[in-house]
Amino acid sequence: MNSPTTIYLDHAATTPLRREALDAMLPYLTEYYGNASCTYGLGQVSKEGIDAARKQVAQVLGCKAKQVLFTSGGTEADNLAILGVARGLADRGRHLITSAIEHHAVLHTCEALAKDGWDITVLPVDASGQIDPQTVADAIRDDTVLVSIMHGNNEVGTVQPLAEIGAITRASGVLLHTDAVQTFAHIPTDVETMQVDLLSLSGHKFHGPKGVGALYVKKGVHLRAIQYGGKQERGLRPSTENVAGIVGLGAAAALAADEMESEIARLTALRDQLIAALTALPDTRLNGHASDRLPNNVNVSAAGVEGEALNLRMGMHGIGSSTGSACTTGSPAPSHVLTAMGIDEPWLSGNLRLSLGRDTTTEQIEACVGHYTDIVKELRVSSPNYVPGAI
Ligand SMILES: *Cc1c(COP(=O)(O)O)cnc(C)c1O
């Protein structure tokens with residue numbers, strides 16, 4: 001039996017559903033059960049719920065409602081963007097550009113295309129996890145059809161200079177997709193400012209429900225379906241809509257947008273308090289960009305410590321934290337993100353991610369610092385390779 005998690009600091013993995021979103025969803029799980037494709041009253045109630053949510057998401061993105069397609073999550077949105085463009089534009093060329101620090105929903109999709117004969121350029125990042133926009137410009141060829149660069153990194157929190165990259169892709173006539181799962185409803189994600197053509201988001205990363213996401217598709221972008229069936233979502237995401245999930249996502253997005261400014265300020269202060277306390281300990285350091293960083297992300301390495309052991313002990317003290325990304329937890333391979341940043345031992349394995357959310361308090365941060373300090377000390381005593389001050 002696992003001990004209860006009393007301090008949840010893993011919001012990059014998922015967030016609790018907020019009460020208001022649940023309340024908005026409940027009627028669609030009970031009395032409003034109609035299929036949105038049906039023309040009678042009940043069907044239309046569902047359709048109106050979906051339409052309202054589409055407007056709420058569009059409002060946050062600064063786009064038109066009809067440019068938002070609902071999907072089953074961030075992963076499906078990434079797959080639809082990349083495979084949909086690849087299939088739609090294969091006649092124009094078969095070259096794609098992405099980066100080494102993408103989520104596996106993007107990286108593995110690109111790898112699947114590579115097996116089908118596509119040429120994939122994987123751009124490097126600097127030590128802070130940032131992509132130099134010039135490398136995007138240099139990588140674009142006559143046969144390039146898509147650039148896919150994430151907005152905010154889920155492991156180290158680094159935010160990419162997307163507007164600069166967007167200016168380059170637009171000038172070259174190449175489409176730009178961004179995985180904005182960690183940034184949508186957290187920091188501004190205006191699609192015009194960033195000049196992106198496709199953008200993925202996911203409900204459960206901003207206190208909405210799991211199993212629902214969306215893809216923004218700019219007008220004129222030709223996507224070919226990757227699944228076949230009914231006409232839902234312009235035929236690009238066939239299947240009876242997850243009405244309650246979509247309504248919950250819309251509600252959570254609208255609420256987060258209203259609170260965004262104050263939440264950015266509050267979380268940034270908590271984040272910096274946590275970073276300052278952890279990096280004040282001997283032989284520890286921050287991973288990721290110091291300022292171009294998600295307001296809720298802390299990623300710190302401690303020399304002489306195994307991240308997995310540290311993470312397990314944090315869990316035993318009731319703290320929910322993560323090593324690398326949730327998807328790779330349990331696998332012994334080092335994080336592909338930290339590796340791409342050129343991070344080496346002793347920093348590579350001793351890494352811990354703490355990600356904050358709207359329920360995180362100063363008291364929780366203080367308690368977390370206390371436990372982290374004790375656990376690192378304890379683990380270092382039994383670490384044969386650790387010599388204090390030798391780094
Ligand atoms: C969580 C996450 C995803 C996957 O979203 P799901 O809705 O869980 O499929 C994709 N990209 C990033 C950056 C994420 O953090």
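Each ligand, and each atom within it, is numbered from 1 in the order the structure gives. What you see is a predicted model, and the numbers here were worked out from it, not measured in a lab.
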**Message:** Return the closest protein heavy atom for atom 12 (C) of ligand 1 as residue, atom name and distance.
**Reply:** H103 CD2, 3.3 Å
**Distance-only side-chain donor-acceptor flag, S148 / E102, under 3.5 Å** = no
**Message:** So for atom CD, which belongs to E261, do other residues, nucleotides or ligands contribute more than 12 heavy atoms lying within a distance under 6.0 Å?
**Reply:** no
**Request:** Please work out which of T183, L201, D179 has its closest non-hydrogen atom nearest to atom 10 (C) of ligand 1.
**Result:** D179
**Request:** Write out the residue and atom name of the closest protein heavy atom to atom 7 (O) of ligand 1, then the distance separating them to 0.1 Å.
**Result:** S202 OG, 2.6 Å
**Fill in**
Going by the 4.0 angstrom heavy-atom rule, the piece of E76 near ligand 1 is neither
**Item:** Closest contact, heavy atoms only, A24 versus V247
**Value:** O-CG1, 3.5 Å
**Asked** Is there a chain of hydrophobic side chains (I, L, V, M, F, W, Y, each step under 4.5 Å between heavy atoms) that links V369 to V376?
**Response** yes
**Message:** Run the side chain to side chain donor-acceptor pair (under 3.5 Å) test on T158 and H289 for me, step by step, so that the C-alpha distance in whole Å, both residues' side-chain angles and the decisive distance to 0.1 Å come before the verdict.
**Reply:** CA-CA 5 Å; T158 300; H289 204 284; over 6 Å; no
**Message:** I'd like the name of whichever of V181, T75, N154 reaches closest to atom 9 (O) of ligand 1 through any heavy atom.
**Reply:** T75
**Asked** Against heavy atoms of M150, which atoms of ligand 1 measure under 4.0 Å?
**Response** 13 (C)
**Asked** Is any side-chain heavy atom of L83 less than 4.5 Å from a side-chain heavy atom of L113?
**Response** yes
**Request:** Considering only non-hydrogen protein atoms, determine which one is nearest to atom 6 (P) of ligand 1 and report residue, atom name and distance to 0.1 Å.
**Result:** G74 N, 3.5 Å
**Asked** What residue and atom, counting heavy atoms only, is the protein's closest point to atom 8 (O) of ligand 1, and at what distance?
**Response** H204 NE2, 2.9 Å
**Message:** Quick check for you: to the nearest 0.5 Å, what is the distance between L338 atom CG and S301 atom OG?
**Reply:** 6.0 Å
**Asked** G73 heavy atoms, cut-off 4.0 Å: which ligand 1 atoms fall inside?
**Response** 7 (O)
**Request:** Determine whether the side chain, the backbone, both or neither of K205 has a heavy atom under 4.0 Å from any heavy atom of ligand 1.
**Result:** side chain
